[in-house]
Amino acid sequence: MRRSKAFIPTTKEVPNDAVLASHIFLSRAGFISQVSSGLYNFLPLGKRVLKKIETIVNDEMESIGAQEVELSFVTPVELWQESGRIEKFGKELLRFKDRKENLFVLGPTHEEMMVNLVCNRVNSYKQLPMHLYQIKTKFRDEARPRFGLMRSREFVMKDGYSFHSSTEDLNREFATVEAAYQRILTRLGLEFRIVEADSGTIGGSGSKELMVIADSGEDTIAICDHCQYAANIEAAVRGSKKDIPEAPEAEFNRFMTPDITTIESLAYFFKVDPYYLVKAVAKRAVYDEGSDIVLFFLRGSDTLQDVKAVNALHALELVDVSEEELQEAGLITGFMGPLNFNTCKMVLDVSLKNADAMICGANEKDYHYVGVNFSALINADFADITEVCEGDSCPHCDEGILSLTKGIEVGHIFKLGTTYSAALKAEFLNEKGQREPFIMGTYGMGISRLLAAVIEQHHDDRGCIWTLSTAPYIINVMISNIKDDQQMSFAQTLYEQLKQRGVEVMLDDRKERFGFKMKDAELIGFPYTVIVGKELMNGNIQLMDRATLEQETLAADTALETILQRIST
RNA sequence: CGGGGUGUAGCUCAGUAUGGUUAGAGUACCUGGUUUGGGACCAGGGGGUCGAAGGUUCGAGUCCUUUCACCCCGACCA
């Protein structure tokens, strides 16, 4: 491509609403442009990178025997009613009517559509397993789109669905897909971790997320420094606690604690470690029908993990409760405790099971109990509801220490089981001739988000740094001065030769000055820029490596071979 | 959905407290010239319903009302 003819509107100005490096540079370098909140155009460069990523994904999917399909973007609302997800997705589903007043939904993911496609077309266990996938635009009317391509409303996703006759076979496929996903991210040149994830209310026996490590990531993940354990903070658990602080000694007693309502002041008052205090967190749990105030009790040294808490209750969500609501419910804020408590539902963290020497609220203003032993509460609801912290021990090896880091969720794979096949009555005949719902897996990967993730990991203050596998063009041949006939003809020849060898090459033949074109090349981030300039008089050209910004002098007459060799490694 | 902010040239923004020539700058774009190894310079030029609607006024980018869009924090996010 000749740069003088290319539609690559680069700009020196930062778009006023861009925060993330990927958003800033992809906009400035002319890869994408924003249309509306969460809606983006892909310009020629952006489209080329998308295709590169898609090609790698297709390649790896084919290698594991998955078959590509393309399902309709517009989906009938009935399917969503049948699966029950019309309520679950709520306003995220963009609905509209056609001229006949029929309701449709823009597909946010395609479980229902895929099950519907396979249902009654795959009838026998002999046809299983089957794995179908597509790479397709999705639409979710996000409450708050942000960060450019990271969280947009319209986005490109690869979504795959596998159908099995046994759980063992699902497990096998799940592991196969996990390995393929690892190869994809490795080929894209990304540093990532596979983490255990919250399966959420979608159910299923397990799910894993693929996290690209980046400070700008929206997810927090816990990583063991000793073994392979890694988990989303929403699902992370911790091993046995080391260095337990010394327990305070006290007989069971009711103790006056005037106006002492916070963990800090209580710890100071009693001179005990917060580990031996009981913290109460009140939330309103929202269910399909109605909602309840629920009290969560945990150690004063811990914090409540919302997602774990939701799962413990099988609730839809938790919302904050105001001080007034608590008082109306008869709760004595600042002095709530699990002993002799039946004002509302309560859940205790597992670390409180049989805990001894504890201090907790007495459910009476200005009083706490000290020296409490929780063995009497053995029949209460216990669940793991605490959030792991930096420094907690690893639940797997119990030797390593967990550290927290940020990640970008670029993939999520699920063992779905029969959730959707049962709801949509998608069944096959097993070996005994009996009807059974398909056992399913579902595997998502955010293609447009990956594009942004590559830049989050590969950029500097000058712009993008594309890897060879993702670059829109590998080589940029820059002519320093187009009025110099020698430079012009040499560069054009080199450009044609590279093209003939199948190299994706850009020829910067614009009537601009040296500095302007260099800055532009650095912003776009071609892996290599060939500088055809002054040095040509001495029979030399230069090759700039975008990653290191180092310029290497090459002999002009052997430059073609040197360059070809350089990009083949 | 709750809280906050911003809408003026393709882009980045002045101008709005206190209403008053023909609404500005930089950048980008077009023409001509100079320049050609790190976003150059000179001269000329095109480009605007000041987000939209209504109102106050002799007069509104500026004041009032309504509304829309976008951004940020939070809630939410298979």
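FYI, side chains are in, hydrogens and waters are out, and symmetry mates aren't considered; it's all heavy atoms of this structure.
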(request) Answer yes or no: does a side-chain N or O of A:K12 lie under 4.0 Å from OP1 or OP2 of B:U27? (result) no
(message) Taking donor-acceptor contacts at under 3.5 Å, does the side chain of A:E522 reach the base of B:G39?
(response) no
(request) May I have the distance from A:I24 (atom CD1) to B:C71 (atom P), rounded to whole angstrom? (result) 15 Å
(message) Under 4.0 Å, heavy atoms only, any strand: does A:S37 hit a base, just the sugar-phosphate, or nothing?
(response) sugar-phosphate
(request) Could you state the atom-to-atom distance from CG of A:L318 to C1' of B:C77 in whole Å? (result) 15 Å
(message) From the set B:C11, B:G37, B:G38, return the single nucleotide nearest to any side-chain atom of A:E13.
(response) B:C11
(message) Mind checking if A:K517 touches a base, just sugar-phosphate, or nothing, with heavy atoms under 4.0 Å?
(response) nothing
(request) Give none if B:U31 has no partner; otherwise give the nucleotide forming a Watson-Crick or G-U wobble pair with it, both distances under 3.5 Å. (result) B:A43
(message) Would you compute the distance between atom OG1 of A:T419 and atom CD of A:E111 and round it to the nearest 0.5 angstrom?
(response) 9.5 Å
(request) For B:A52, give its Watson-Crick or G-U wobble partner with both distances under 3.5 Å, or none. (result) B:U66
(request) Kindly say if A:R513 contacts the phosphate of B:A40, meaning a side-chain N or O under 4.0 Å from OP1 or OP2. (result) yes
(request) Would you kindly give the CE-to-C1' distance between A:M150 and B:C76, to the nearest whole Å? (result) 19 Å
(request) Choose from B:U12, B:G39, B:G37 the nucleotide whose nearest atom is closest to any side-chain atom of A:L523. (result) B:G39
(request) Assign A:Q487 to base, sugar-phosphate, or nothing according to its heavy-atom contacts below 4.0 angstrom with the strands shown. (result) nothing
(message) Pairing check on B:A60: which nucleotide meets the Watson-Crick or G-U wobble criteria with it, both distances under 3.5 Å?
(response) none
(message) Measuring only the C1' atom in each nucleotide, how far is B:G39 from B:U35? A whole number of Å is fine.
(response) 15 Å
(request) Assign A:K511 to base, sugar-phosphate, or nothing according to its heavy-atom contacts below 4.0 angstrom with the strands shown. (result) base
(message) Tell me whether the side-chain N/O atoms of A:Q551 come closer than 4.0 Å to OP1 or OP2 in B:G37.
(response) no
(message) Strictly below 4.0 Å: does A:S36 bring a side-chain N or O up to OP1 or OP2 of B:C70?
(response) yes
(request) Determine the interatomic distance between P on B:U62 and the same-named atom on B:U57; round to the nearest Å. (result) 16 Å
(request) Could you work out the separation of B:C30 and B:C77 based on their P atoms and round it to a whole Å? (result) 49 Å
(message) Working to the nearest 0.5 angstrom, can you tell me the gap between A:F526 CZ and A:Y473 OH?
(response) 8.0 Å
(request) Quick one: pull up CE in A:M157 and CD1 in A:I447 and give me the separation to the nearest 0.5 Å. (result) 9.5 Å
(message) Work out how far the C1' atom of B:U21 is from that of B:G61, and round it to whole angstrom.
(response) 15 Å
(message) Base of B:G37, side chain of A:Q542 - is there a donor-acceptor contact under 3.5 Å?
(response) yes
(message) From C-beta outward on A:R462, which listed nucleotide comes closest to its side chain: B:G74, B:G38, B:C76?
(response) B:G38
(message) Using whole Å, what does the distance between atom C1' of nucleotide B:C77 and atom CZ of A:R144 come to?
(response) 12 Å
(message) Under 4.0 Å, heavy atoms only, any strand: does A:Q34 hit a base, just the sugar-phosphate, or nothing?
(response) sugar-phosphate
(request) Measure centre to centre between the rings of A:W466 and A:F31, then say whether the value is under 6.0 Å. (result) yes
(request) Determine the interatomic distance between C1' on B:A9 and the same-named atom on B:G15; round to the nearest Å. (result) 15 Å
(request) Rounded to whole angstrom, note down the C1' distance from B:G26 over to B:U34. (result) 22 Å
(message) When both hydrogen-bonding distances must be under 3.5 Å and the geometry is Watson-Crick or G-U wobble, what is B:A23 paired with, if anything?
(response) none
(request) Verify whether the ring centers belonging to A:Y287 and A:H314 lie closer than 6.0 Å. (result) no
(message) So A:E92 and A:R153, do their side chains get closer than 4.5 Å, heavy atoms only?
(response) no
(request) Could you check which of B:G74, B:U35, B:G39 has an atom nearest any side-chain atom of A:R146? (result) B:G74
(request) Choose from B:U36, B:C70, B:G74 the nucleotide whose nearest atom is closest to any side-chain atom of A:K483. (result) B:U36
(request) Rounded to whole angstrom, note down the P distance from B:C13 over to B:G3. (result) 26 Å
(message) Tell me which nucleotide, if any, is Watson-Crick or G-U wobble paired with B:G2 when both distances must be under 3.5 Å.
(response) B:C73
(request) Using a 90° cut-off around 0 for syn, call B:A40 syn or anti. (result) anti
(message) Nearest heavy atom decides the nucleotide; on that basis, is A:D306 or A:M518 closer to the 5' end of RNA chain B?
(response) A:M518
(message) How many whole angstroms separate atom CD1 of A:I482 from atom P of B:U35?
(response) 15 Å
(message) Under 5.5 Å centre to centre and under 30° between planes: does that hold for A:F516 and the six-membered base ring of B:G39?
(response) no
(message) Roughly how many Å apart are B:C64 and B:U56, using the P atom of each and rounding to a whole number?
(response) 15 Å
(request) Just call it for A:M478: base, sugar-phosphate, or nothing, with non-hydrogen atoms closer than 4.0 Å on any strand. (result) nothing
(message) If I take atom CD in residue A:E92 and atom P in nucleotide B:C76, what distance separates them, rounded to the nearest angstrom?
(response) 12 Å
(request) Verify the contact: side-chain N or O of A:T11 to OP1 or OP2 of B:G10, cut-off strictly under 4.0 Å; return yes or no. (result) no
(request) Identify whether any heavy atom of A:V319 sits under 4.0 Å from a base atom; if not, whether one sits that close to sugar-phosphate; answer base, sugar-phosphate or nothing. (result) nothing
(message) In this structure, how many angstroms lie between the P atom of B:U36 and the NZ atom of A:K534, rounded?
(response) 9 Å
(message) Taking the six-membered ring of A:F155 as reference, does the cationic atom of A:K138 (NZ for Lys, CZ for Arg) lie under 6.0 Å from its centre and within 45° of its axis?
(response) no
(message) Output the rounded distance in Å from CG (A:N540) to C1' (B:G37).
(response) 15 Å
(message) Hydrogens and angles aside, do A:S162 and A:Y443 bring a side-chain donor and acceptor to less than 3.5 Å of each other?
(response) yes
(message) Less than 3.5 Å apart, any donor N or O on the side chain of A:Y495 or A:R2 sitting next to an acceptor on the other?
(response) no
(request) Tell me which of A:E142 and A:V19 sits closer to the 5' end of RNA chain B, going by the nucleotide each one is nearest to. (result) A:V19
